[in-house]
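A note on names: the letters A, B, ... follow the listed sequences, proteins ahead of strands, and every chain is numbered from 1. These numbers come from the heavy atoms of this one structure, side chains and all, not from hydrogens, waters or symmetry mates.
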Amino acid sequence: MEVKRERWSSRSLFIFAAIGSAIGLGNVWRFPYMCYEYGGGAFLFAWIVGLIILGIPWLMMEIGLGKYFQKGAPGVFAGIGKKWEWVGWWPVFVAFLIVSYYTVVMAWSLRYAVDSITMAWGKGAAAAEGAADYFFGNILEVSSGPTELGGQVWLTLLMLAIIWIIMYVVMFKGARVLGKVAFWTVLIPWALLVIIFIRGITLPGAVDGLNYYLSTDFSVLADGGVWFAAFSQVAFSLSVGMAGMYAYGSFMAKKSDVNNNAAIVTFSDSATAFFAGFAVFSVVGFFMNALSISAGEVTASGLGLAFITFPAAISMMPALNGLIGVAFFLCLFFLGIDSAFFLAHGGVAAPLRDKLGWSLKKSTIIVCVAGFLLGMLFTTKAGVYWLDMVDRAVSFYGLLITGIISCLLVGWVFGARKLREYLNETSDFKFGAWWDWVIKLVLPIAMTFVVIYGGFMVDIPNAYEGYQVGPFNGSHILWLILGVTLILSFVLGRMATKAPKEEE
Amino acid sequence: MTTVAIINTIIVWLFIIGGLAFCFSKLGKGGGWED
């Protein structure tokens with residue numbers, strides 16, 4: 001008996017869920033900084049090129065294959081050829097590792113949202129000093145190195161447990177509920193970003209920040225750095241290479257559009273990132289102005305932006321500090337939660353159901369418990385070191401390398417033309433033969449360039465971030481994580497597939 | 001804001017909004033919005 005697969009209840013809810021998966025913390029703490037760092041307008045030009053020739057085609061490929069095979073990533077590649085199933089399992093491990101630490105970052109955001117009410121890291125100019133101490137001392141309680149775990153940070157662990165409970169409650173009902181929740185978890189962070197932008201733009205120095213964000217140096221286009229930055233931003237932002245999009249595509253009905261949906265998701269994600277830059281850099285401009293420092297002296301990306309620069313800037317605002325603090329950290333939380341749903345449900349639980357025949361409820365509870373348990377590594381006092389290494393291993397190398405292999409297999413073994421013609425049959429608009437060559441050549445070459453230029457050239461000659469774990473340095477740990485997940489992918493690929501049970 | 005910053009802002013929003021307008025103008029041509 002064929003088991004009915006879970007389905008999106010409408011096209012709009014699929015689009016919201018896919019947009020929610022694409023917009024995430026990187027839209028706030030990565031894109032604006034990359035734009036500022038890599039020549040402003042020049043970066044934007046390279047980014048737009050990347051969106052059109054890489055982002056939309058890659059997204060189409062993953063959603064389209066999921067829809068074609070009606071399976072998650074491993075099932076898709078097993079469908080292309082049983083010997084290729086491991087190619088689908090590798091991004092499943094990428095997704096699992098990412099969600100295990102992503103939820104910890106969300107837990108920090110929740111702690112900051114609560115602490116914003118009292119500005120626990122200090123008020124006024126004192127916060128500029130106090131914010132860093134508060135993050136490392138009170139939130140992370142950071143130890144001296146990755147081998148000194150130092151026990152759990154209990155408040156963060158409590159927040160992590162709450163997050164996984166929320167995720168279970170939403171996920172165990174499947175795609176129908178997920179889409180409805182995504183509607184709100186996409187709109188709420190947008191509303192919060194608008195509040196932060198309005199507050200930011202009314203502060204002294206905000207315009208200086210925007211000028212830094214959007215200044216232009218076209219000479220950098222001749223340099224590989226800006227293309228690396230733009231292509232990697234496109235790859236990281238659209239939630240491709242993390243297995244989930246195959247599953248999200250597999251929840252679509254056979255007659256559904258893919259091409260237009262992929263384009264809508266890409267443009268919506270881009271709009272969020274570009275707008276977030278205005279919110280972020282207006283506040284960064286205010287911070288620079290208040291302390292009379294230059295842009296180069298401000299941490300304007302990553303954890304440093306979110307948990308040090310922003311709290312300090314919020315404390316120094318003349319009014320509405322608590323409100324903006326709560327808005328900003330809830331915004332981070334809501335940006336993150338859709339991506340977490342996507343990774344856990346589409347990236348991990350759906351492939352496990354396809355492979356092991358588990359029910360929706362069973363796969364959801366196992367993924368949530370396992371994600372929480374692994375997350376406990378990142379809520380130790382050495383958690384931030386491990387988070388940094390695992391993040392580099394999976395969300396940079398894992399994502400890109402699996403992406404390269406996937407494109408080559410789809411392009412040359414399954415047939416890019418076959419997939420394009422299938423997608424064009426039911427889509428609102430059609431893509432021409434150029435799309436085939438993007439999948440067969442352009443994407444693999446561009447991603448290989450990113451891996452070599454931004455990865456190997458940095459991490460092979462140097463120990464990643466100077467970490468040392470026993471006889472292994474930071475770079476060894478990266479290769480070890482990639483190697484173990486690759487071996488596990490082969491093992492799972494060799495295992496027999498069990499018939500699925502009733503979903504709902 | 002500087003002229004360059006304003007021009008960059010306008011160009012990127014034109015690209016994004018134009019792209020979304022194109023997508024929404026094509027909605028339903030291949031199957032319909034609610035399927």
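Here CG of A:Asn211 is found 9.5 Å from OG1 of B:Thr3. Values are rounded to the nearest 0.5 Å. Put simply, CE on B:Met1 and CD1 on A:Ile201 are 7.5 Å apart, with the number rounded to the nearest 0.5 Å. Residue B:Leu27 holds its CG atom at 10.0 Å from OG of A:Ser12, rounded to the nearest 0.5 Å. Atoms CD1 and CD1, from B:Ile16 and A:Ile48 in turn, are 7.0 Å apart once rounded to the nearest 0.5 Å.
Between B:Phe22 and A:Phe429, the ring-plane angle classifies as tilted under the 30° and 60° cut-offs.
Taking 4.5 Å as the limit, every side-chain heavy atom of A:Asp257 sits out of range of all side-chain heavy atoms of B:Lys26. Here the side chains of B:Thr2 and A:Ser215 are not in contact, with every heavy-atom distance at 4.5 Å or above. Here the side chains of A:Leu51 and B:Phe15 are in contact, with some heavy-atom distance below 4.5 Å. Between A:Phe267 and B:Phe24, every side-chain heavy-atom pair lies at or beyond the 4.5 Å cut-off. With a 4.5 Å cut-off on side-chain heavy atoms, A:Trp47 and B:Val12 count as touching.
Of the atoms belonging to A:Phe278, it is side-chain heavy atoms, and not backbone ones, that fall under 4.5 Å from chain B.
Under the salt bridge (charged side-chain N to carboxylate O under 4.0 Å, His left out) criterion, A:Glu421 pairs with A:Arg417, not counting sequence neighbours.
Counting non-hydrogen atoms of other residues, nucleotides and ligands closer than 6.0 Å to CZ of A:Phe45 gives a total of 12 or fewer. The number of heavy atoms from other shown groups lying within 6.0 Å of CH2 (A:Trp184) does not exceed 12. The neighbour count for A:Tyr212 OH, taken as heavy atoms of other residues, nucleotides or ligands under 6.0 Å away, does not exceed 12.
Heavy-atom pairs under 4.5 Å with chain B peak, among A:Asn260, A:Leu44, A:Val207, at A:Asn260.
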* To do: List the steps and the verdict of side-chain contact (heavy atoms from CB on, under 4.5 Å) for A:Leu214 and B:Thr9.
  => CA-CA 7 Å; A:Leu214 296 161; B:Thr9 304; 3.2 Å; yes
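Residues of residues 55-64 of chain A having a heavy atom under 4.5 Å from any heavy atom of chain B: none.
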